[in-house]
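Let me begin by presenting the structure, written as structure tokens, before commenting on it.
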Amino acid sequence: MSTPSVHCLKPSPLHLPSGIPGSPGRQRRHTLPANEFRCLTPDDAAGVFEIEREAFISVSGNCPLNLDEVQHFLTLCPELSLGWFVEGRLVAFIIGSLWDEERLTQESLALHRPGGRSAHLHALAVHRSFRQQGKGSVLLWRYLHHVGARPAVRQAVLMCEDALVPFYQRFGFHSAGPCAIVVGSLTFTEMHCSLRGHAALRRNSDR
């Protein structure tokens, strides 16, 4: 099976505060970009899962995706993922797929529906050394612009615990009510976000 091509996004002048682990060093400044945003490939799966496992298991005891599922989505739909790399090191990511029903179901956790109009965000996580720096917010904003540039994709959907609802509302998500998916004792709110506004912003920024 051939490896999907890497989709690189236009770099922007983001600057990390001094003292952050993994910040650009002088000796490598001219060999690797300080900040790179690109779609992920199956080769990135192990790094993705390492960050995801630490981020989610430490909080809820569950991972949204196991390693096989990460590889599955990065093989089928790498264009619906986005990773943030600092000097070649993955520090944050989003994994997504397409969904073709009005609401999320148990099947949506493992399926990619190529004809779907909704970008389903399975997981967003930031490496522990780079948290509390706003990286999750920056990555989510970029991701919404990225998928919003795809004409067939009309909205982004996800499920989250109640405590995270205000975070996603800042980006235009609204509650669609309780999610039908239950993981163990955990319940979730389903969140939807129209991508029309994000697509317009992306088009204007490219002029």
Side-chain angles (χ1 to χ4, degrees), residues 1-9 11 14 16 20-23 32-99 104 108-114 116 118-147 150 153 156-161 164 167-168 171 181 183 186 188 191:
M1 184 178 295
S2 62
T3 300
S5 60
V6 175
H7 303 259
C8 292
L9 304 182
L14 295 173
L16 297 176
I20 296 174
S23 294
L32 290 170
N35 290 277
E36 178 188 15
F37 296 86
R38 66 166 172 82
C39 296
L40 301 167
T41 76
D43 290 339
D44 299 307
V48 166
F49 185 65
E50 180 183 354
I51 295 173
E52 180 200 19
R53 181 174 54 186
E54 190 280 328
F56 285 92
I57 289 183
S58 63
V59 175
S60 65
N62 294 283
C63 275
L65 302 171
N66 60 40
L67 180 57
D68 287 342
E69 290 168 335
V70 171
Q71 293 174 325
H72 170 72
F73 286 122
L74 294 186
T75 299
L76 288 180
C77 47
E79 71 280 2
L80 295 168
S81 67
L82 188 62
W84 186 343
F85 293 80
V86 174
E87 283 208 316
R89 176 189 181 188
L90 180 66
V91 301
F93 72 86
I94 292 175
I95 301 288
S97 66
L98 291 180
W99 185 239
L104 296 175
S108 66
L109 297 181
L111 295 180
H112 168 60
R113 299 271 177 82
S118 298
H120 175 201
L121 282 67
H122 293 273
L124 184 165
V126 178
H127 190 281
R128 61 183 177 274
S129 299
F130 292 82
R131 291 178 197 151
Q132 305 302 316
Q133 299 169 21
K135 281 186 166 49
S137 297
V138 172
L139 185 63
L140 179 57
W141 188 252
R142 281 181 171 266
Y143 183 84
L144 294 175
H145 288 189
H146 171 59
V147 295
R150 302 175 65 83
V153 181
V157 299
L158 57 84
M159 63 185 202
C160 67
E161 295 182 64
L164 289 173
F167 170 78
Y168 288 108
F171 299 89
I181 301 168
V183 179
L186 297 176
F188 305 93
M191 306 290 288

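All figures in this text were calculated on a predicted structure; none of them were measured in a lab.
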When rounded to the nearest 0.5 angstrom, what is the spacing between CD1 in Ile95 and OH in Tyr143? 8.5 Å

Measure the CG-CD distance between Leu90 and Glu36 for me, rounded to the nearest 0.5 Å. 10.5 Å

Trace of the side chain to side chain contact (heavy atoms under 4.5 Å, CB included) decision for Ser108 with Val157: CA-CA 11 Å; Ser108 66; Val157 299; over 6 Å; no

How would you list, by chain and number, every residue that makes a ring pair (Phe, Tyr, Trp, His ring centres under 6.0 Å) with Tyr168, sequence neighbours excluded? Phe173

Nearest heavy-atom pair of Pro42 and Thr75: which atoms, and what distance? CG-OG1, 3.4 Å

If you define the side chain from C-beta out and look only at heavy atoms, does anything of His120 sit under 4.5 Å from Leu104? yes

Whether the side chain of Ser81 engages the backbone of Leu40 through a donor-acceptor N/O pair (distance < 3.5 Å, no angle test) should be reported. yes

Test side chain to side chain donor-acceptor pair (under 3.5 Å) applied to Ser118 - qualifying residues, sequence neighbours left out: Gln155

Which heavy atom of Pro78 sits nearest to which heavy atom of Leu76, and what is that distance? CD-C, 3.6 Å

Taking the side chain as every heavy atom from C-beta outward, state whether His146 and Cys39 have any atom pair closer than 4.5 Å. yes

Side-chain contact test, heavy atoms from C-beta onward, threshold under 4.5 Å: evaluate it for Leu65 versus Glu52 and give yes or no. yes

4.5 Å side-chain heavy-atom contact, Leu109 and Met159: yes

Less than 4.5 Å apart, any side-chain heavy atom of Phe93 and any of Asp44? no

If the condition is salt bridge (Lys or Arg N to Asp or Glu O under 4.0 Å), which residues does Arg113 pass it with, not counting sequence neighbours? Asp100, Glu101, Glu107

Hits for side chain to side chain contact (heavy atoms under 4.5 Å, CB included) against Leu98, two or more places apart or cross-chain, chain-then-number order -> Leu80, His112, Val153

If every non-hydrogen atom of Cys63 is compared with every non-hydrogen atom of Arg53, which pair is closest and at what distance? SG-CA, 3.4 Å

Interatomic distance, CZ@Phe188 vs CD@Glu161, rounded to 0.5 Å, equals 5.5 Å

His127 vs Glu54 side-chain heavy atoms within contact, under 4.5 Å: no

Quick one: are Leu158 and Leu124 in side-chain contact, heavy atoms under 4.5 Å? no

To the nearest 0.5 Å, what is the distance between NE2 (His145) and CG (Leu82)? 12.0 Å

With sequence neighbours excluded, tell me which residues meet side chain to side chain contact (heavy atoms under 4.5 Å, CB included) with Ala92. Trp84, Val126, Leu139

Inter-residue atom distance Ile94.CD1 - Leu144.CG, 0.5 Å rounding: 7.0 Å

Residues two or more places apart in sequence or in another chain: which of them pass side chain to side chain donor-acceptor pair (under 3.5 Å) with Ser97? His122

Least distance between heavy atoms, Ser137 atom then Phe167 atom: OG-CE1, 3.4 Å

For Arg89 and Ser129, work out which heavy atoms get closest and say how close. NH2-OG, 4.2 Å

